[in-house]
Amino acid sequence: MLLGVCSIDYKVIGNGDKLIVFLHGFGGGFESFAEIAQMLSDRYKCMLISFFEVEPQEPLNIFDYYHYVRKIIEEQNAKEIIVVGHSFGGRIGIKLAANNICHKLVLVDSAGLKPKRGAKYYIQVYKYKIRRKLGLNTDNYGSSDYKTLSPVMKKTFINIVNYYQDKEIEDIKIPTLIYWGSEDKETPLEFAKTFNKKIKNSRLVVIENCGHFSYLQSKSTFYNCLRSFCGK
């Protein structure tokens with residue numbers, strides 16, 4: 001655990017001068033990348049970082065998580081650093097890559113871009129703000145995941161999802177693999193195409209009939225793509 005403020009834990013398996021750092025999304029944890037990391041540990045040192053193990057003492061933002069992850073990575077003194085980020089983890093991976101902290105980046109169904117909102121979304125937001133201002137019940141507003149969060153984590157969640165990295169991705173110059181499920185509803189395929197367009201040294205792999213957790217739904221394909229990419 002780092003500094004007693006940020007809810008981060010981690011473990012390292014394997015050996016080698018190349019370090020692969022796995023950053024999971026809001027719906028994941030150590031276990032989501034554990035099997036892939038174990039398969040790669042014969043050749044690489046693999047770091048599994050777990051967020052949200054313990055609730056933070058105060059609301060955090062993407063910069064807090066970035067600085068804590070950066071500190072953990074730099075302590076490893078690796079010759080080459082490869083960051084693999086899924087969803088929320090991709091946000092941190094983007095910041096690490098844009099700041100030249102890693103040598104390669106893998107974005108898996110990553111968040112970070114400003115979504116295109118329809119009229120229905122803005123009507124719901126407007127209704128929510130009016131009801132809250134009038135002191136009325138707002139339990140029917142917000143996602144099911146959001147509703148179950150504590151007050152501190154709700155503020156943390158808002159801080160994170162309202163931080164957009166559309167301009168930041170243009171600063172990424174390192175080799176980048178973009179791995180995406182064609183049926184992803186959380187971070188749609190348009191995100192992947194934007195990443196591919198704005199990150200010059202990138203390659204897009206779209207996995208058919210897979211959703212937001214494409215790396216788990218196509219584990220062997222993901223492993224082969226990752227091993228090939230890391231070995232180049």
Side-chain angles (χ1 to χ4, degrees), residues 1-112 145 149-150 152-153 156-157 159-161 163 165 172 174 176-177 179 212-213 215-216 219 222-223 226-227 229-230:
M1 194 66 60
L2 269 177
L3 304 183
V5 176
C6 194
S7 51
I8 293 179
D9 199 1
Y10 69 95
K11 62 180 178 181
V12 177
I13 60 173
N15 294 293
D17 54 6
K18 287 187 178 183
L19 173 68
I20 306 178
V21 181
F22 293 92
L23 306 173
H24 67 81
F26 266 101
F30 272 157
E31 68 283 354
S32 62
F33 279 118
E35 185 176 350
I36 293 293
Q38 188 63 51
M39 294 167 69
L40 291 166
S41 64
D42 64 326
R43 185 174 176 183
Y44 305 97
K45 180 188 289 188
C46 296
M47 173 181 284
L48 293 154
I49 294 181
S50 186
F51 306 105
F52 324 124
E53 290 293 310
V54 177
E55 184 173 297
Q57 299 170 9
E58 57 190 53
L60 303 177
N61 56 47
I62 192 68
F63 295 94
D64 294 316
Y65 285 104
Y66 158 70
H67 286 299
Y68 296 143
V69 171
R70 176 176 176 172
K71 183 176 186 297
I72 293 172
I73 290 174
E74 290 179 338
E75 288 173 350
Q76 297 300 310
N77 295 316
K79 180 180 178 181
E80 184 175 335
I81 299 168
I82 302 152
V83 172
V84 181
H86 171 249
S87 197
F88 164 73
R91 291 178 181 271
I92 300 170
I94 289 168
K95 290 203 73 65
L96 291 166
N99 287 280
N100 300 310
I101 305 303
C102 54
H103 302 87
K104 292 182 180 180
L105 175 66
V106 181
L107 295 177
V108 186
D109 298 282
S110 177
D145 288 341
L149 297 176
S150 69
V152 169
M153 285 308 295
T156 296
F157 181 82
N159 288 342
I160 290 170
V161 299
Y163 179 77
Q165 298 170 283
I172 298 175
I174 61 174
T176 301
L177 172 65
Y179 192 93
H212 190 54
F213 289 84
Y215 68 105
L216 293 177
K219 200 171 292 183
F222 179 65
Y223 167 76
L226 188 56
R227 185 136 198 166
F229 181 71
C230 291

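In this chain, residues are counted from 1 in sequence order. Because only heavy atoms are used, hydrogens play no part in the values below, and waters and symmetry mates are left out as well, while side chains stay in.
- With values rounded to the nearest 0.5 angstrom, L105 atom CG is found 10.5 Å from I82 atom CD1.
- In this structure, D42 pairs ionically with R227, as a charged nitrogen and a carboxylate oxygen lie closer than 4.0 Å.
- In this structure, the side chains of V84 and V21 stay at 4.5 Å or more apart for every pair of heavy atoms.
- Contact check for F213 versus H86: side-chain heavy atoms found under the 4.5 Å cut-off.
- Counting heavy atoms from C-beta outward, H103 and I174 have side chains that stay 4.5 Å or more apart.
- Residues A37 and C46 share a closest heavy-atom pair of O-SG, 3.6 Å.
- Of all heavy-atom pairs between P59 and N159, the closest is CB-ND2, 4.2 Å.
- Remark: K18 fails to qualify as a cation-pi partner of Y44 under the 6.0 Å distance and 45° angle criteria applied to the six-membered ring.
- The side-chain heavy atoms of L96 and R70, taken from C-beta on, include a pair separated by under 4.5 Å.
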| task | Could you check Y68 against I49 for side-chain contact (heavy atoms from CB on, under 4.5 Å), going step by step and ending with a plain yes or no? | result | CA-CA 11 Å; Y68 296 143; I49 294 181; over 6 Å; no
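- Shown here are the side chain to side chain donor-acceptor pair (under 3.5 Å) partners of Q76, two or more places apart in sequence or in another chain: there are none.
- A 4.5 Å side-chain heavy-atom check between I62 and D64 finds every atom pair outside the cut-off.
- For N61, the CG atom is densely surrounded, since the number of other residues' heavy atoms within 6.0 Å is greater than 12.
- Taking the side chain as every heavy atom from C-beta outward, F229 and V106 approach each other to under 4.5 Å.
- Judged purely by atom type and a 3.5 angstrom limit, T156 uses its side chain to pair as donor or acceptor with the backbone of L60.
- Taking all atoms of both residues into account, the shortest heavy-atom contact from I20 to C230 is CD1-SG, 3.7 Å.
- Between K219 atom NZ and M39 atom CE the span is 8.5 Å, to the nearest 0.5 Å.
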| said: Between Y179 and L107, is the side-chain contact (heavy atoms from CB on, under 4.5 Å) condition met? List the steps. | reply: CA-CA 6 Å; Y179 192 93; L107 295 177; over 6 Å; no
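- Between F22 and F33, the angle of the ring planes lies from 30° to 60°, which puts this pair in the tilted group.
- Atoms NE2 and OG, on H212 and S110 in that order, are 8.5 Å from each other to the nearest 0.5 Å.
- Sorted by first and then second residue, the salt bridge (charged side-chain N to carboxylate O under 4.0 Å, His left out) pairs involving residues 85-94 (not counting sequence neighbours) form an empty list.
- Residues Y66 and K71 bring no donor and acceptor atom of their side chains to less than 3.5 Å of each other.
- Remark: M47 CE to I72 CD1 distance equals 6.0 Å, nearest 0.5 Å.
- The shortest distance between side-chain heavy atoms of F222 and L216 does not fall below 4.5 Å.
- In this structure, CD1 on I92 lies 8.0 Å from OH on Y65, to the nearest 0.5 angstrom.
- With a 4.5 Å cut-off on side-chain heavy atoms, L40 and Y223 count as touching.
- Remark: I94 CD1 to N99 CG distance equals 12.0 Å, nearest 0.5 Å.
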